[in-house]
Amino acid sequence: MPVSPASGRPETFHRVTSHMAGMHTRHRAEASFSIVPRFSLSTLAVVGGDLSPPPSLTSGRTAPRRRQKEPVWLPLLVEGCRMAAELPPQCRLALPLETPDSFPVDLLNHLATVLSDHQLAASKLDFEFTETSLAVDSEILIYSLAALRDAGAGLVLSGFGMGLTSLSLLRDRSFSGLLTAVKLDRHLFHHDDPAHLQAGQSIARAVVQLGKDFGLNTRAEGVDTPETLHFLQSIGCQEGRGNSLGRPQSLMDFLTDQKPARSAARKRKRTS
């Protein structure tokens, strides 16, 4: 079922947007949240970005918001949708909405409101969740994932390879159509022990092959060296982000960097 506008604005949404409007200007919000460019590993062209929240949002320095029992992911959703609405048509923005315990049950109501406010299509967004968020077979989880999928949003299993990882979850969510991508964790490619590094690369190689078999987009974070980039290209990983490709930047800088590509595309279209 597609995500549809909610009949009323959630109370927590009012509190968060009012707080952000009163305490931060648009410029300061952009300085707090950044975009990490995400590249096609075959062409090295930008295909989208991953939203990176400010450290204060993820490090626990959010006492006023937590006292009000507002979910940590809510301001990330609000700011992420605002930024996604300004991206070029070919770019999708990934929002790391994973929670430590379970899937956010009120995500759809808040999302419908924010999408309506920014006249934004859900197909411009990818939602990243950790294995913990996706592991419980609850009706709310299945309905929410199906609604996001039907609205055109991407569903990404992130952090794959970090901690306990279940291949059966990857299989089950893929076969039920409730997963569109899997993102390999940076720890698979960075280790001082050659044996551990080789083991991580073997896992990455296997997951990329599973992604092909299951029809999933495969992504990697931590593409920080030419060697890592070459390895991921050799195993057929489709997308990646990291210091050897592009560092976090403000929305303004990201849009500026995309202008030459858009101008070249328009020129090719006129001459074809």
Side-chain angles (χ1 to χ4, degrees), residues 3 12 16 36 38 50-62 65-66 69-80 93-111 122 125-149 151 153-191 196 199-200 203-204 206-208 210-211 214-222 237 239-241:
V3 177
T12 52
V16 170
V36 183
R38 191 172 66 252
D50 294 358
L51 184 67
S52 180
S56 60
L57 195 63
T58 56
S59 64
R61 297 195 297 272
T62 54
R65 184 179 299 116
R66 290 187 177 183
K69 297 183 179 180
E70 293 165 348
V72 174
W73 53 262
L74 184 53
L76 191 149
L77 176 67
V78 172
E79 184 64 12
L93 187 64
L95 310 183
L97 297 187
E98 65 265 18
T99 59
D101 302 316
S102 61
F103 187 87
V105 296
D106 52 351
L107 172 61
L108 293 184
N109 286 335
H110 292 299
L111 175 63
L125 303 172
D126 292 332
F127 293 94
E128 296 183 354
F129 303 104
T130 59
E131 183 175 1
T132 303
S133 301
L134 299 181
V136 179
D137 284 322
S138 68
E139 291 185 3
I140 292 178
L141 170 66
I142 301 303
Y143 171 82
S144 299
L145 292 177
L148 292 171
R149 175 201 64 198
L155 303 172
V156 184
L157 175 59
S158 68
F160 200 91
M162 181 180 65
L164 296 176
T165 299
S166 172
L167 291 177
S168 62
L169 177 67
L170 182 64
R171 176 200 63 197
D172 294 344
R173 292 290 178 257
S174 301
F175 286 176
S176 60
L178 301 180
L179 202 62
T180 61
V182 58
K183 185 164 77 170
L184 301 170
D185 189 78
R186 64 183 301 110
H187 290 88
L188 292 174
F189 319 114
H190 298 277
H191 207 286
H196 281 80
I203 293 173
V207 172
V208 168
L210 286 174
F214 295 166
L216 299 176
N217 174 276
T218 51
R219 303 176 179 179
E221 58 179 343
C237 186
E239 298 179 9
R241 50 169 273 195

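None of the values given here were measured: they were computed from a predicted structure.
Contact check for Asn217 versus Val156: no side-chain heavy atoms found under the 4.5 Å cut-off. Two residues are said to be in side-chain contact when any heavy atoms from C-beta on lie closer than 4.5 Å; Leu184 and Thr218 fail this criterion. Between Lys183 and Asp50, the closest side-chain pair of non-hydrogen atoms falls below 4.5 Å. When side chains are defined from C-beta on, Leu107 counts as touching Leu77, because their heavy atoms get closer than 4.5 Å. Annotation: side chain of Leu145 is in contact with side chain of Leu134 (closest heavy-atom distance under 4.5 Å). Within the 4.5 Å cutoff, the side chain of Leu111 has heavy atoms near those of the Phe127 side chain. Annotation: side chain of Leu97 is in contact with side chain of Leu76 (closest heavy-atom distance under 4.5 Å).
Ser176 places a side-chain N or O within 3.5 Å of a backbone atom of Arg173 that can act as its donor or acceptor partner.
Ring geometry, Trp73 versus His110: the interplanar angle exceeds 60°, so the pair is classed perpendicular (tilted spans 30 to 60°).
Once rounded to the nearest 0.5 Å, the distance linking CG of Leu216 with CG of Leu157 reads 9.0 Å. Rounded to the nearest 0.5 Å, atoms CD (Glu221) and CZ (Arg186) are 6.5 Å apart. Of the inter-residue distances, the one linking Leu148 atom CG with Thr180 atom OG1 reads 10.0 Å to the nearest 0.5 angstrom. Interatomic distance, Phe160 CZ to Thr130 OG1, rounded to the nearest 0.5 Å: 13.0 Å. Separating the NE2 atom in His187 from the CD1 atom in Ile203 is a distance of 13.0 Å, to the nearest 0.5 Å.
Shown here for Ala94 and Glu128, the closest heavy-atom pair between the two residues is CB-OE2, 3.5 Å. Considering every non-hydrogen atom in both Ser133 and Leu141, the closest pair reads O-CD1, 3.9 Å. Val208 approaches Cys237 most closely through the heavy-atom pair CG1-N, 3.9 Å.
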Any chance you could lay out the side chain to side chain contact (heavy atoms under 4.5 Å, CB included) test for Tyr143 and Leu108, step after step, and finish with the verdict? CA-CA 10 Å; Tyr143 171 82; Leu108 293 184; 3.5 Å; yes
Under the salt bridge (Lys or Arg N to Asp or Glu O under 4.0 Å) criterion, do Asp126 and Arg219 qualify, and how do the steps go? CA-CA 12 Å; Asp126 292 332; Arg219 303 176 179 179; 2.7 Å; yes
